[in-house]
Amino acid sequence: MFDTVLIANRGEIALRILRACRVLGLKTVAVHSEADATLRHVRMADQALCIGPAAARESYLDTARLLLAARLTGAQAVHPGYGFLSENAQFAQAVADAGLVFIGPPAEAIRRMGDKISAKRAMAAAGVPCVPGSEGALPQDAQAVAAMARDVRYPLIIKATAGGGGRGMRVVKSESELANAVATTREEAGRAFGCADVYMERFLEHPRHVEIQVLADSHGNAVWLGERDCSMQRRHQKLVEESPAPGIARDLVAKVGELCTRACREIGYVGAGTFEFLYEDGEFFFIEMNTRVQVEHPVTELATGIDIVVEQLRIAQGERLSFRQEDVQPHGHAIECRINAEHPWRFTPSPGKVVKWMPPGGPGVRVESHLYDGYVVPPNYDSLVAKVLVHGRDRPEALARMRTALRELVVEGIDTTTPLHEALMDEPEFVRGGADIHHLERWLAAGTHGSTKQ
Ligand code: ADP
């Protein structure tokens with residue numbers, strides 16, 4: 001159906017996609033900005049094309065340039081990776097209209113699930129529990145909003161319906177802050193996402209972030225591949241992910257997983273996707289769906305042995321899922337640490353030349369990274385430079401392997417968040433398992449993590 005894939009992304013995920021293409025014998029086209037000519041996947045691809053300047057707006061986010069690159073190179077399919085245009089329904093539609101295969105769900109499914117309000121409606125209809133909140137977008141009338149807020153109960157969170165990447169959210173503790181919070185979030189959302197609609201949800205005070213990975217083919221089959229606990233967050237951004245989620249009853253996770261596959265069938269979902277939930281006091285509440293491959297997908301790959309990116313490509317070729325739900329048997333414990341080019345405690349960006357790169361290895365260790373000796377991390381993009389993953393028979397073994405791997409990792413020339421991860425892997429509450437989404441920030445604020453030594 002297609003034999004050449006254009007990779008519309010950069011960094012570690014572009015390399016990951018290239019490898020999956022190779023496993024299936026597919027040819028690859030790398031497109032890159034002027035700042036990215038030296039990326040590893042650019043050197044490895046069958047064809048490479050510079051599509052514009054460093055600014056993502058004029059390269060990775062420019063639909064016309066991407067489609068032109070596909071035409072010039074003869075690529076018949078486009079893999080969007082994560083970020084950039086991966087959840088842009090207009091882009092998915094433009095790819096399809098150009099007669100190419102978009103490696104992801106149909107544009108209509110992206111549109112429906114990308115809007116957080118319509119996603120919640122679709123999920124509620126499929127019987128999935130959602131965080132209590134406003135039925136739809138908030139009205140302009142301040143009185144009406146205040147009345148809704150009293151129903152939902154404080155504290156609450158105002159969220160942009162088109163929001164993403166942890167942006168466009170504001171917590172409101174009492175009525176006196178409400179009007180202002182709604183106005184600023186609307187203003188921000190309009191600017192950042194081109195849509196000023198916001199809605200409200202009860203702000204859960206000590207939830208965990210637990211998400212379900214799904215795969216659905218174009219023949220109506222859907223499976224779920226276990227869950228990931230992504231509660232270690234800073235500013236709503238994930239730093240560490242693991243599977244399974246410590247201490248949550250297996251039958252409860254299975255019930256939620258089954259509901260997710262049912263929702264996939266009901267909304268005509270195709271491809272890889274993630275249903276994100278908050279878990280509090282033994283209950284799951286849906287918050288949003290990501291209609292693309294996620295940064296943390298290798299956690300699930302380690303736990304299940306299934307190559308999610310290869311499956312994405314197969315599904316896009318119209319193939320049926322090659323396994324059934326009962327064939328998915330997660331085992332052991334997997335953990336991922338996201339290594340960012342940032343100061344480990346101040347989080348200031350640290351682009352520049354990587355003088356030395358020595359990734360860890362050994363049993364149960366996997367590293368996803370585009371770094372190499374002499375590579376220069378440009379200042380223009382997301383600061384993720386490596387993902388260190390481990391798999392062990394159980395959580396203690398996985399933790400021990402992660403400590404060993406982090407100690408072995410060498411990245412010289414730039415600051416990375418490795419010291420933060422090393423400290424976290426020894427932090428008692430994280431080690432116990434099951435800490436909530438506020439734990440990491442609380443721990444950082446307490447200053448007991450040894451950052452004074454840095
Ligand atoms: P984004 O699309 O920007 O990732 P999400 O809706 O997935 O936004 O929320 C990101 C994070 O924000 C969650 O993982 C959680 O930490 C926090 N969050 C979102 N909604 C709520 C809520 N109702 N109560 C408490 N925390 C929330």
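In this text the structure is predicted, and so the values were computed from the model without any measurement. Just so you know, these numbers use all the heavy atoms, side chains as well, and skip hydrogens, waters and symmetry mates. FYI, the numbering just counts along the sequence from 1. Order of listing sets the numbers, starting from 1, for every ligand and every atom in it.
Between Phe285 and His209, the distance separating the two ring centers is not shorter than 6.0 angstrom. Checked against a 6.0 Å centroid threshold, the rings of Tyr60 and Tyr381 count as neighbours.
At least one heavy atom of Lys116 sits less than 4.0 Å from an atom of ligand 1. Residue contacts with ligand 1: Lys159 is included, with a non-hydrogen atom under 4.0 Å away.
With Phe347 as the aromatic partner, Arg234 meets the cation-pi criteria of under 6.0 angstrom to the ring centre and within 45 degrees of the ring axis. For the pair Arg395 and Phe430, the cation-pi test (distance below 6.0 Å, angle within 45°) is passed.
For Leu204, a nitrogen or oxygen atom sits less than 3.5 Å from a nitrogen or oxygen atom of ligand 1, counting backbone and side chain alike. Distances between N or O atoms of Gly165 and those of ligand 1 include at least one value under 3.5 Å. For ligand 1, none of its N or O atoms has an N or O atom of Ile437 under 3.5 Å away.
Close approach to Glu276 involves these atoms of ligand 1, each under 4.0 Å from a residue heavy atom: 7 (O). Short contacts between ligand 1 and Arg167, defined as distances under 4.0 Å to a heavy atom of the residue, involve ligand atoms 3 (O). Atom numbering of ligand 1 starts at 1 in the shown order; those under 4.0 Å from a heavy atom of Gly166 are 1 (P), 3 (O), 4 (O). Each of the following atoms of ligand 1 lies closer than 4.0 Å to a heavy atom of Arg202: 22 (C), 23 (N), 24 (N). Numbered from 1 in the order shown, with element, the atoms of ligand 1 that lie under 4.0 Å from a heavy atom of Ile157 read 22 (C), 23 (N).
In summary, of the residues considered (Arg153, Arg170, Lys120), a salt bridge (Lys or Arg N to Asp or Glu O under 4.0 Å) with Glu201 occurs for Lys120 alone.
Scanning the protein for heavy atoms near atom 4 (O) of ligand 1, the closest one is Glu288 OE2, 3.2 Å. With hydrogens left out, the protein atom closest to atom 22 (C) of ligand 1 is Leu278 CD1, 3.4 Å, a heavy atom.
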